[in-house]
Amino acid sequence: MLTIGIDIGGTNIKVGLVHDGKVIGKRMIDAMSQHGLQPQLKTMEEVIRELLSEHSAGLQQLSGIGMSVPGIVDCNAKKVLVINDKFNDVVGLDLAHWVRSTFNLPLAMDNDARCALIGEWQYGAGRGCNNLVMVTLGTGLGTSALVEGRVMRGSHHIAGILGGHFIVDRNGLQCNCGNQGCAEAQSSTWNMKEILQYTGADNADWAQPTPDFRGIFEKADTGDRFAIKVRNHCMDIWATTIVNLIYAYDPEKVVMAGGVMQSAGVIIPYVKEKIRHYGWAPFDQIDIVRSSVFAEAAILSAEYLVSSTENLK
């Protein structure tokens, strides 16, 4: 059977056709998230039909549709409960009804960090693990966790996914969640201008007009002391976050993902060295690795989500 995976991101919506753990066809749609998701449903329908046509497949060959959403998701009710500054209409959309009425198929859906974890667990760097943590670095700081072979969701649908809001400095920067000193506020692209001020690197010429991790790591590689200061500050926060996640979930492996992991050769040894000095956990036995299917992990997760009877109640 085939599965459709839809990865709803703030910049792009990825739609993929999945067969036997592989994405055999994929399309990308401009998200235009400020206008909501409703205006994109027709385009998503057209793209799905195009993918099926290109592979000489019909709707009857689909087992279902899996959807990854950047918000707090009740995967049993197929509802998005909370979403932050993107697709603000999605909380009121009945996406399961849209999928059923348009394609006569079931919908499975979950938070995007969990979908990324499932993709890596089933098909990527976390394959074979029963206890796994994932950390996604970039615009924000996303996390997710697998314990004893079960994806953590919790009684309020937030288990595992809010590691970016671990408070790592109670006198730190203001976070968009309302708290102060969250890991995400201290080490993510969305707050980089504040981070530059916080670290005393806001007057550096490389910081204009819009600093990002690619520029920071590239400049740090040249020996720029301001860039090194910001880079190391962020890596310290990531290491602290990973320690907290290890204490919480006791994983076999930590998978690190996101565009900044182009610099995995710098980040992973640094994080490993940092956490080596912490206690109360066998840190030398916990592998820290780079994701291997991150670009397609959320799409790939659809196959698992749809095939799991737990997600199709």
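Hydrogens, waters and symmetry mates play no part in the numbers below; they use all other heavy atoms, side chains included. A quick note: this is a predicted structure, and the numbers were derived from the prediction, not measured.
Considering CD of E120 and CG of L300, their distance stands at 9.0 Å, rounded to 0.5 Å. Interatomic distance, I228 CD1 to R225 CZ, rounded to the nearest 0.5 Å: 10.0 Å. One finds the NE2 atom of H165 at 8.5 Å from the CG atom of L141 (value rounded to the nearest 0.5 Å). Atom CE of M152 sits about 12.5 Å away from atom OG1 of T143, to the nearest 0.5 Å. In this structure, L105 CG and Q60 CD are separated by 10.0 Å, a value rounded to the nearest 0.5 Å. For the atom pair I13 CD1 and M67 CE, the distance stands at 9.0 Å (nearest 0.5 Å).
For E296 and Y123, the side-chain atoms include no donor-acceptor pair closer than 3.5 Å. Between the side chains of W98 and E45, no donor-acceptor pair of N or O atoms lies under 3.5 Å. When only modelled atom types and interatomic distance are considered, T3 and S63 share a side-chain donor-acceptor pair under 3.5 Å. With hydrogens and angles left out, the side-chain atoms of D169 and Y198 include a donor and acceptor closer than 3.5 Å.
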For this session: Any chance you could lay out the side chain to side chain contact (heavy atoms under 4.5 Å, CB included) test for V135 and V255, step after step, and finish with the verdict?
Result: CA-CA 6 Å; V135 179; V255 178; over 6 Å; no

For this session: Assess whether side chain to side chain contact (heavy atoms under 4.5 Å, CB included) is satisfied between I267 and F217, documenting all intermediate values.
Result: CA-CA 10 Å; I267 295 169; F217 273 77; 3.7 Å; yes

Exercise. Please walk me through it: do V90 and L95 pass side chain to side chain contact (heavy atoms under 4.5 Å, CB included)?
Worked result: CA-CA 8 Å; V90 76; L95 294 168; 4.0 Å; yes

Problem set entry | Candidate pair M32 and Q40, rule side chain to side chain contact (heavy atoms under 4.5 Å, CB included), full reasoning | CA-CA 9 Å; M32 296 184 287; Q40 296 287 32; 3.6 Å; yes

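At distances below 3.5 Å, at least one donor-acceptor pair connects side-chain atoms of D89 with backbone N or O atoms of L37. No side-chain donor-acceptor contact under 3.5 Å links S308 to the backbone of Y304. At distances below 3.5 Å, not a single donor-acceptor pair connects side-chain atoms of S188 with backbone N or O atoms of A185. Under the 3.5 Å distance criterion, the side-chain polar atoms of E252 are matched with a main-chain donor or acceptor of N131. Within the 3.5 Å criterion, the main-chain N or O of D236 finds no donor-acceptor partner in the side chain of Y270. Proximity of a side-chain donor or acceptor of W121 to a complementary backbone N or O of L132 within less than 3.5 Å is not detected. Remark: the backbone N or O of G71 is paired with a side-chain donor or acceptor of N111 at under 3.5 angstrom. Counting only distance, with no hydrogens or angles, the side chain of H55 and the backbone of I24 share a donor-acceptor pair below 3.5 Å. Judged by distance alone, the side chain of N179 and the main-chain N or O of C182 form no donor-acceptor pair under 3.5 Å. Side-chain atoms of S301 come within 3.5 Å of backbone N or O of A298 as a donor-acceptor pair.
Less than 6.0 angstrom separates the ring centroid of F213 from the ring centroid of W238.
Minimum interatomic distance between H19 and E303 (heavy atoms only, all atoms of both residues): C-OE2, 3.7 Å. Contact record, R114 with V151: CD-CG1, 3.6 Å, taken as the closest heavy-atom pair. Closest approach of G36 to P39, counting heavy atoms only: O-CD, 3.5 Å. Shortest non-hydrogen contact noted between M109 and V80 is CE-CG2, 3.7 Å. Residue A31 comes nearest to G9 through the heavy atom pair CB-O, 3.4 Å, listed as atom of the first residue, atom of the second, then distance. Closest of all the heavy-atom pairs between A183 and G163 is CB-O, 4.3 Å.
I242 and I237 fall into different hydrophobic clusters, where Ile, Leu, Val, Met, Phe, Trp and Tyr side chains are chained together by heavy-atom contacts under 4.5 Å. Put simply, L2 and I4 are part of the same group of oily side chains (I, L, V, M, F, W, Y) that touch within less than 4.5 Å, one to the next. The hydrophobic cluster containing L51 also contains L41, counting ILVMFWY residues as joined when their side-chain heavy atoms lie under 4.5 angstrom apart, directly or transitively. In the hydrophobic clustering of this structure, I161 does not group with L146; members are Ile, Leu, Val, Met, Phe, Trp, Tyr whose side-chain heavy atoms approach within less than 4.5 Å, directly or through other members. Side-chain heavy atoms closer than 4.5 Å link hydrophobic residues (I, L, V, M, F, W, Y) into clusters, and following such links, even through other members, never connects V306 to M1.
Between M134 and V254, every side-chain heavy-atom pair lies at or beyond the 4.5 Å cut-off. The closest side-chain heavy-atom distance from I6 to S68 is not below 4.5 Å. In this structure, L62 and L59 have side chains that are in contact, with non-hydrogen atoms separated by less than 4.5 Å. Considering only heavy atoms from C-beta on, Q186 comes within 4.5 Å of V168 through its side chain. Between K14 and I8, the closest side-chain pair of non-hydrogen atoms is not below 4.5 Å. Residues E194 and N191 are in side-chain contact: their nearest non-hydrogen atoms beyond the backbone lie under 4.5 Å apart. Looking at heavy atoms from C-beta onward, I48 lies out of side-chain contact with R27 at the 4.5 angstrom threshold. Considering only heavy atoms from C-beta on, M192 comes within 4.5 Å of I216 through its side chain.
Checked for salt-bridge contact, D110 and R153 meet the test: a charged N lies under 4.0 Å from a carboxylate O. A salt bridge links E273 with R276; the closest basic N to acidic carboxylate O contact falls under 4.0 Å.
When the shell of 6.0 Å around CZ of R214 is examined, it contains 12 or fewer heavy atoms from other residues, nucleotides or ligands. The local environment of NE2 in H97 is sparse, with at most 12 non-hydrogen atoms from other residues, nucleotides or ligands closer than 6.0 Å. The local environment of NE2 in H156 is sparse, with at most 12 non-hydrogen atoms from other residues, nucleotides or ligands closer than 6.0 Å.
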Let me have the donor-acceptor pairs involving side chains of residues 281-294, under 3.5 Å, with sequence neighbours excluded, atom names and distances please.
from : atom 1 : to   : atom 2 : distance (Å)
R290 : NE     : M261 : O      : 3.3
S292 : OG     : A125 : N      : 2.9

